[in-house]
Amino acid sequence: MLATALLASGCGNASNDTSTTAAAPEDGAATTTAFAPDPEALVVYSGRNENFVEPVVDAFTAATGIEVAVRYAGTSELATAILEEADNSPADVFWAQDPAFIGGLANEGVLTTLPDDVLSLVPERFSDGDGHWVGVTARSRVMVYNTDLVSEDELPGTVFDLTEPEWRGRIGIAPTNGSFVAFVTGMILVQGEDATRAWMEGIATNDPEIFDGNGPIVDAVVAGDLDAGLVNHYYLLQRIAELGEAPAENLFFPTGDPGGLVMATGAGVLESSDMRDAAERFIAFLLSAESQAHFLTLFEYPLIEGAGTPEGQVPLTELPTLDIDLTDTADTLEPALTLIAEAGLS
Amino acid sequence: MTVLRAPTDPAVTEAARSVLKGRTAPRLLTPLALLAVVPAAIPTGFLVWTVVRPGGFDAGGFTAGRLLELLVSTGWLVATVTFTALALGMTTAWLTTRTDLPGRRTWSTLAALPLVIPSYVGALTLLASSGNEGMLTQMLRSVGLGAVPSFTGFWAAWGALSLWNFPFVHLLAVPALRRLDPALEEAASGLGASRWRTITTIVIPQLKPGLTGAALLVSLYVMSDFGAVSLLRYETFTRAIYTQLRGRLTLTPALFLSGILVIIALVLVFAEQRSRGRTVPMVARPPRHQRPIRLGARGTVVGLGFMTVLVIASLGMPLLTLGWWAVRGSSLGNSAAIIAGELVNSVGVAGGAAVLTAIAALPVAVLAVRHANRTSRGIESVAWAAYSLPHIAVGLAFLVIAVRLLPAIYQSIPLLLIAYVALFLPLALASTEAGLRQVPASLEEASRSLGMGQWRTLRLVTGPLVWRSIVAGGALVFLTAMKELPATLLLRPTGFQTLAVEVWSASSELFYTQASVAALVLVGLSAVPLFVLVARGLHV
């Protein structure tokens, strides 16, 4: 059994072609077996997944010689930890998967102001208005649906349709996921708290399947165990790339609909950091052509100019979205969290 | 003195009690035992304090109705799983020790092996083998039958937790069954009692201490589990705590719920102690050879069938699913990086935890068994209470305390090890105490009356008789620590990844190939010591 596992991992490595960065990741490079943290290492708290981040981190170390230790966990967990750690925080960089939580940290004064040459690399609408965080990649909220179980004419024209009785028991959501929370903050900004509360309660009483993450939702939809779910656009695309064709599609909600929020993943440097230079270099590296090209292969939208569009997808400028300032999502974060909790979804 | 009378004789009870009461503990023993439970006391005390302090009873938006719902759903799951695990574990233990089932040594080992499979891995494979894309469905479709619905909700959680908890009961029941005195049963049947009556009046009372310990272990585990119930989407207290932790920017609701759970756990532990107080320490004498019960042809078929189905469900199916994923993913060319680093880390911290808990359990066990008094019961309760907490709550408590009071050990291995001791002390404790209970107090008394001091007696007389139980406890801690997930996630140094963390993070982002490879290595690694432990302990 052990032999099979090692054999399988060996075979996997031989045919690995997902890495596009110059330096191939060393085995276990991101994992330290040292029984004490390296004091010289740059500490990054990442709400993004390891497979997504590791190649970029390794390339950074290869290019600059700066060691990096990355802590992977949920964005909200990490944000809570940073707030709890306060001045003693070992973190130098925080990379969130949505703008609301990192904006919340900025509002608490936990993040520094980034230099202009970093902020100018991405379009203004994808960064913090006060320069506390910069967008690294962008993603769109979508409804993933199973093409065998949901017919074309059933497709909802707006996310508000999902509280209707014909969607009872057919939708999956992940209410504790950062992207969902960001989506709710967007809805509050555009529709106000009362309309959002009504929608949350409508969804909660419409018998939704509650998941802890977006991945299992997509899994269930593809398998036909669930009709549809509210997730981010790249999950289905990554799944098709990993496991082959699937009877599922992403539905992009029309412009102005909260369900179609396009948001950035944000990175910022902590005030308490004692490695500010290295931290800023790291964030600048995330916005280098090389790194952004890597994100492209994982179907997220890179944000620097000329980086391109994920295969088969609509260009970023043409994606239907919500006309809001992502910075403002931080202000509606607390109300959003409260509404989700009051609806009994968390 | 006592050896000639039946253990349930009240005169024996009195004599035994008075002997134990009269003896004073060696001076250092109580302080040592207190020190050993400090790690367990910290999170318990902290969480209770956050609830009972003035202004602390703040549910952070959690309604009383929702609280009640959670209590009911959790309680129901705990009760049903404990019952099933006890039934399954007792049956496998009985079949493999007291009957003439063919190949019973192998079956006994196989019945204990599912311990290597973490509940979240097992739940993952249950989910994966069901539903339209699952292995089971594909197998059924190939013979023309329909699809299996996705296994989620109460039944799935009940099934998963029972399947991967009954080995606890099995491991505790086997030595208990072995120590049953056949003379009593023979006497009972000689006096005309039916087999059923013998079982209920002779066998079960002797097994009661071991069984209540096992039942408590299982109940507390179910109360504390979050991986399986999260994956299978059954709302319990611990899942709600995890949700609050991940879905808010404040720790208040999570801490509040954790505090409530602590109080419930303390009540459970207290109740168990009261029930145990009424049983007698087993009077040990060299057990007469137990005659195996003849099963007959039909009985053998039923017994073999039962064991086969159980082993396939708890061991075969998850391993097959994992292997299937690993191979399927690799054939599609997906990366599955070799996880040597995680391997070393897992073994390192689990080993450290095992050694530390085994050492910490010693003074507590000696105090509890040989010098039982109110203090010792209090100390035991503290240890057991921490075990009942969801690991995420313990991790949370240590995180908050380290951040606010001891930043030097925040996100360090020592903190992680302290948390492991807090979490797993009862595992080592249960085994060590069980072993100590088998050692007759008369041996130690004889040794002391011949001039050996209390410490030397413990070392030279009791030690050789209980070291196997101590090692078994340590091995159990090693296995459980290898599988530990939420506390490790919260407390580990940045960049320090264990196999369990690897499985969780990979599977949460759909990298199933990677998850299954890590899971297989985790399971394979855990199987080796378990196999050795079980082979020695179960068949010694």
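Naming: A, B, ... by sequence-line order, numbering from 1 per chain. Below, each value reflects all heavy atoms present in this structure, side chains not excepted, and no hydrogens, waters or symmetry copies.
- Note on A:A41, A:P90, A:A220, A:A73: by heavy-atom pairs under 4.5 Å with chain B, the leading option is A:P90.
- For the pair B:R233 and A:F211, the cation sits on the ring face: its NZ or CZ lies under 6.0 Å from the ring centre, inside 45° of the axis.
- For the pair A:R170 and A:L149, the minimum side-chain heavy-atom distance is 4.5 Å or more.
- Each of B:L126, B:V523, B:L124, B:I117 was checked for a side chain to side chain contact (heavy atoms under 4.5 Å, CB included) with B:P318, and the lone residue meeting it is B:I117.
- Of all the listed residues (A:N177, A:T75, A:I210, A:V181), the one sharing the greatest number of non-hydrogen pairs under 4.5 Å with chain B is A:I210.
- Neither the backbone nor the side chain of B:L322 comes within contact range of chain A; no heavy atoms are under 4.5 Å apart.
- Interface residue A:V43: only side-chain heavy atoms are found under 4.5 Å from chain B.
- If you check the side chains of A:Y45 and B:T494, you find no donor sitting under 3.5 Å from an acceptor.
- Among A:E334, A:E77, A:E84, the residue with the largest count of heavy-atom pairs under 4.5 Å with chain B is A:E84.
- No donor-acceptor pair under 3.5 Å is formed between the side chain of A:N146 and the backbone N or O of A:D227.
- Heavy-atom pairs under 4.5 Å with chain A peak, among B:A402, B:P407, B:A518, at B:P407.
- Contacts of A:L333 with chain B are made by side-chain atoms alone, with heavy-atom separations under 4.5 Å and no backbone atom involved.
- Between the side chain of B:T125 and the main chain of B:T321, no donor-acceptor pair closer than 3.5 Å is present.
- Looking only at heavy-atom pairs under 4.5 Å with chain A, the residue among B:R492, B:R66, B:R404 that has the most is B:R492.
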